[in-house]
2 protein chains.
Amino acid sequence: MRSDPGVEKSLQELERRSAEAGQPVTVQRRAALRALVRHLDHPTAEAIYADVVAELPGVSKATVYRALDNLVELGLARKVHHQDSVTRYDGNSERHHHLVCRGCGRIEDIASDALDALPVPELGRNGFEVHDVFITFQGICRDCRRASRARRRSK
Amino acid sequence: MRSDPGVEKSLQELERRSAEAGQPVTVQRRAALRALVRHLDHPTAEAIYADVVAELPGVSKATVYRALDNLVELGLARKVHHQDSVTRYDGNSERHHHLVCRGCGRIEDIASDALDALPVPELGRNGFEVHDVFITFQGICRDCRRASRARRRSK
DNA sequence: CTCCGTGCAAAAGGTTTGCACTGGT
DNA sequence: ACCAGTGCAAACCTTTTGCACGGAG
């Protein structure tokens, strides 16, 4: 893997936002961010830990969890939740939405102007102040559809 | 609490779908469903357990979890996930979406034709078959906004 | 010197599972 | 009667926390 310009940009953002928030930028946090943006597949904390520990033998799992919290706090990552009980992280800070496969739990990104133009309904009526919108399409990915078809046939 | 017709209808559905699926309808499952539909606030498994155990002293927590799984499997309930680490359940089978408060984690239902008319983007291109769409508005509910304002003032 | 992040290990939930027993159909 | 659901307790897994240590300002 060559030094991806996206990674560089993310690291600069980390630098900038941490300074702004008065928080130190440690090697562990840098490594966590690098591991996160390298993944396009919404990794679990475990997966990121695996990457970080490969780069920084001896890091503790707690530190990775704390680093991820820190990234979320700085707005460089987002937590993603679905039926899996594990939390996944998303290093994509562009506005986008998700496609979740019921079969394998895989999450794919999806961007769409139409979705972004979603009308925010008459909120405020109940005093609710909307900050963000998350749209999740649930379905079956190609691989899982194939697999379930094969399973059905063999039954 | 009088016998809500909605509860009756749900119980009949439970009967019908269980028979169809060849699954027995136990008192525990009936109680779990009743507890679920009584809640309009997306209860946790814990909350449902509390209700069920009040009605059926001696039920085990495992049974309630299994009953909830069963209801989800039968399509009578849905799991709802957000930043809280706990899974919440939704007994509302109408098409609707959610308003999640960042502060207290409370989930409110929201229905809107505009949201239902959401265009499904060019899926299929990647072989993804969409079954469902979930829209979540995240923000701050009135109570939490008030609370945070008060906190800020007292600092 | 002081503060804060780290590592380690243990705790803390929430959820699942193995096994013997009981209850639905 | 049979099979599946239940109760109980232990296991599991992910995430959090307490505490001592160590590096940076």
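Everything numeric here is computed off the predicted structure, so don't read it as measured data. Labels below follow one simple rule: chain letters A, B, ... track the order of the sequence lines, proteins then strands, and each chain is numbered from 1.
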Counting the atoms with a prime plus P, OP1 and OP2 as sugar-phosphate, which does [X] contact under 4.0 Å by heavy atoms, base, sugar-phosphate, or nothing?
| X | value |
| --- | --- |
| B/T44 | nothing |
| A/A45 | sugar-phosphate |
| A/R29 | sugar-phosphate |
| B/V27 | nothing |

- Closest nucleotide of DNA chain D for A/E46 versus for B/N70: which of these residues is on the 5' side? B/N70

Rounded off to whole Å, could you give me the [atom1]-to-[atom2] distance for the [X] and [N] pair?
| X | N | atom1 | atom2 | result |
| --- | --- | --- | --- | --- |
| B/Q28 | C/dC21 | CD | P | 18 Å |
| B/R66 | D/dA9 | CZ | C1' | 12 Å |
| B/R88 | C/dT15 | CZ | C1' | 16 Å |
| A/Y49 | C/dT6 | OH | C1' | 13 Å |
| B/H81 | D/dT14 | NE2 | P | 15 Å |
| B/Y65 | C/dG13 | OH | P | 13 Å |
| B/K61 | C/dG14 | NZ | P | 8 Å |
| A/L14 | C/dG5 | CG | P | 13 Å |

- Message: Taking side chain to side chain donor-acceptor pair (under 3.5 Å) as the criterion, tell me which of B/H98, B/R78, B/K79 meets it with B/D90.
- Response: B/H98

- Message: Between the side chains of A/R66 and A/D69, is the shortest nitrogen-to-carboxylate-oxygen separation below 4.0 Å, so that they form an ion pair?
- Response: no

- Identify whether the distance between the nearest side-chain nitrogen and carboxylate oxygen of B/E20 and B/R16 falls below 4.0 Å. yes

Tell me whether the side-chain N/O atoms of [X] come closer than 4.0 Å to OP1 or OP2 in [N].
| X | N | answer |
| --- | --- | --- |
| A/T26 | C/dT6 | yes |
| B/S60 | D/dC8 | no |
| A/T87 | D/dT15 | yes |

- Comparing A/G58 and B/P24 on DNA chain C - which has the more 5′ nearest nucleotide: A/G58

- Message: Can you tell me which nucleotide in C/dG5, C/dA9, C/dT25 comes closest to the side chain of B/V25?
- Response: C/dT25

- Query: Is the CZ atom of B/R102 crowded by more than 12 outside heavy atoms at less than 6.0 Å?
  - Reply: yes

- A/R17, CZ atom: more than 12 neighbouring heavy atoms under 6.0 Å: yes

